[in-house]
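Scroll down for the structure; my scribbles are underneath it.
In what follows, every heavy atom counts, from backbone to side chain, and hydrogens, waters and symmetry copies are set aside. All residue numbers in this chain count up from 1 along the given sequence.
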Amino acid sequence: MKFANNPAQHLSNYEVLQHFIALKKDNDALRRDFDDYQYRFEAKARRQVKMKREEDEGWEVEQIGPDVERRLDEAFRRGISDELVWVQDELLKYLCGADQATSRQTEEGIVYLADALQDSDLAKAEVLQIVNLAPTHSVELHAIIESPEVRFQPDAVGYIDSLCRDTIKPTLLDAVPDELAWYAAGMPEGAAGGEYDAGQPGFEVDDEEMMNQQEEEQYVHEAEWGAGKEAAIDDAADEAMD
């Protein structure tokens with residue numbers, strides 16, 4: 001076992017945003033594979049039961065190769081955590097919110113801003129806060145920098161104004177880019193970019209829909225169990241009643 005004594009590396013909000021966007025894409029792909037696996041499993045079970053009311057519905061599925069089958073099996077083994085997906089989506093909404101500058105930042109702008117602030121006699125925590133918040137008004141910057149009127153003599157006010165106007169503001173885009181517009185809009189259901197997560201807190205399921213889902217699960221379990229065992233249980237129950 002090795003013990004790391006290196007100090008923790010701090011990440012900017014932009015880096016966190018890029019990481020969670022990639023994570024969401026992976027989770028969306030995992031969700032599709034997970035749902036595909038469940039659909040194929042249920043279709044197989046329904047064909048075994050051969051229920052009359054579903055003869056015309058058609059539960060045929062296309063054939064898949066061994067690589068796709070292994071991918072679906074892996075997705076089913078991994079499963080989907082609705083709580084983790086909800087936290088992930090809420091974080092994306094926060095970082096892309098209207099009160100955050102993260103969605104209007106670029107990698108080049110972050111690098112330029114961090115390099116420009118290295119010569120400003122600022123603490124590392126202050127540099128990170130400025131990079132994350134990207135304040136464009138001097139009053140916002142005064143709330144981040146401790147005692148600027150003492151540290152930046154003789155013209156502290158002019159220095160702060162110049163920092164906002166000439167250093168920070170040019171690194172921001174005028175509008176949210178198209179690839180982040182869906183996140184900035186709060187990831188609405190049915191819009192391009194993703195789907196609403198039915199497992200997140202606050203999502204209400206209709207009672208009839210829930211009953212239909214429970215009935216379908218019963219059919220699947222009966223198919224797994226086998227018609228022979230089901231008939232044996234019925235016969236035993238009839239004899240007990242006699």
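L180 has its side chain within reach of I21: a pair of non-hydrogen atoms, C-beta onward, lies under 4.5 Å apart. With contacts defined as side-chain heavy-atom distances shorter than 4.5 Å, the pair T167/S162 does not qualify. Counting heavy atoms from C-beta on, the side chains of R151 and E146 come closer than 4.5 Å. Residues K24 and Y183 have side chains in contact (heavy-atom distance under 4.5 Å, counting atoms from C-beta outward). Side-chain contact between Y159 and S120 is present, with at least one heavy-atom pair separated by less than 4.5 Å. For the pair I110/T171, no side-chain contact is recorded, criterion being any heavy-atom separation below 4.5 Å from C-beta on. In this structure the side chain of W86 reaches within 4.5 angstrom of the side chain of E90, judged on heavy atoms. T136 is not listed as a side-chain neighbour of L141, based on a closest heavy-atom distance of 4.5 Å or more.
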*Does the side-chain contact (heavy atoms from CB on, under 4.5 Å) test come out yes or no for K124 and H10, once each step is laid out?*
CA-CA 10 Å; K124 291 183 179 180; H10 300 289; over 6 Å; no
*Given the rule in the side-chain contact (heavy atoms from CB on, under 4.5 Å) test, do I64 and L72 qualify, once you have shown the distances and angles that lead to the verdict?*
CA-CA 10 Å; I64 57 176; L72 298 184; 3.8 Å; yes
*Can C96 and V176 be said to form a side-chain contact (heavy atoms from CB on, under 4.5 Å), step by step?*
CA-CA 9 Å; C96 293; V176 177; over 6 Å; no
*Starting from the C-alpha separation in whole Å, work towards a yes-or-no answer on side-chain contact (heavy atoms from CB on, under 4.5 Å) for L163 and L117.*
CA-CA 9 Å; L163 197 60; L117 295 175; 3.8 Å; yes
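Atom CG in D89 sits 9.5 Å away from atom CG in L84 (nearest 0.5 Å). Atom-to-atom distance recorded for T102:OG1 and Y14:OH is 10.5 Å, nearest 0.5 angstrom. Considering CG of D36 and CZ of R32, their distance stands at 10.5 Å, rounded to 0.5 Å. A distance of 5.5 Å separates CD1 in I144 from CD in Q129, rounded to the nearest 0.5 Å. The line from NE2 of H142 to OG of S147 is 11.0 Å long, rounded to the nearest 0.5 Å. Between L95 atom CG and S103 atom OG the span is 9.0 Å, to the nearest 0.5 Å.
Sorted by first and then second residue, the salt bridge (Lys or Arg N to Asp or Glu O under 4.0 Å) pairs with a member in residues 158-174 form an empty list; sequence neighbours excluded.
The two residues I145 and E126 make their nearest non-hydrogen contact at CA-OE2, 3.8 Å. Between V131 and L113, the shortest heavy-atom distance links the atoms CA-CD2, 3.9 Å. Nearest approach of S138 to I160, heavy atoms of both residues: CB-CG2, 3.6 Å. Closest non-hydrogen pair, A75 versus D33, comes out as CB-CB, 3.5 Å. Nearest heavy-atom pair across L172 and A134 is CD2-CB, 3.9 Å.
Note on Y94 and W182: same hydrophobic cluster, where clusters join Ile, Leu, Val, Met, Phe, Trp and Tyr whose side-chain heavy atoms are under 4.5 Å apart, directly or indirectly. Grouping the Ile, Leu, Val, Met, Phe, Trp and Tyr side chains by contacts below 4.5 angstrom, directly or via other members, places L30 with V68. I168 and F152 fall within the same hydrophobic cluster, defined by Ile, Leu, Val, Met, Phe, Trp and Tyr side-chain heavy atoms under 4.5 Å apart, directly or through other members. In the hydrophobic cluster analysis, where Ile, Leu, Val, Met, Phe, Trp and Tyr join through side-chain heavy atoms closer than 4.5 angstrom, L133 is grouped apart from L11.
With hydrogens and angles ignored, the 3.5 Å screen pairs no side-chain donor or acceptor of Q38 with any backbone N or O of D35. The closest donor-acceptor contact from the side chain of E15 to the backbone of S12 lies under 3.5 Å.
Between D73 and R70 no salt bridge is recorded (no basic side-chain N to carboxylate O distance below 4.0 Å).
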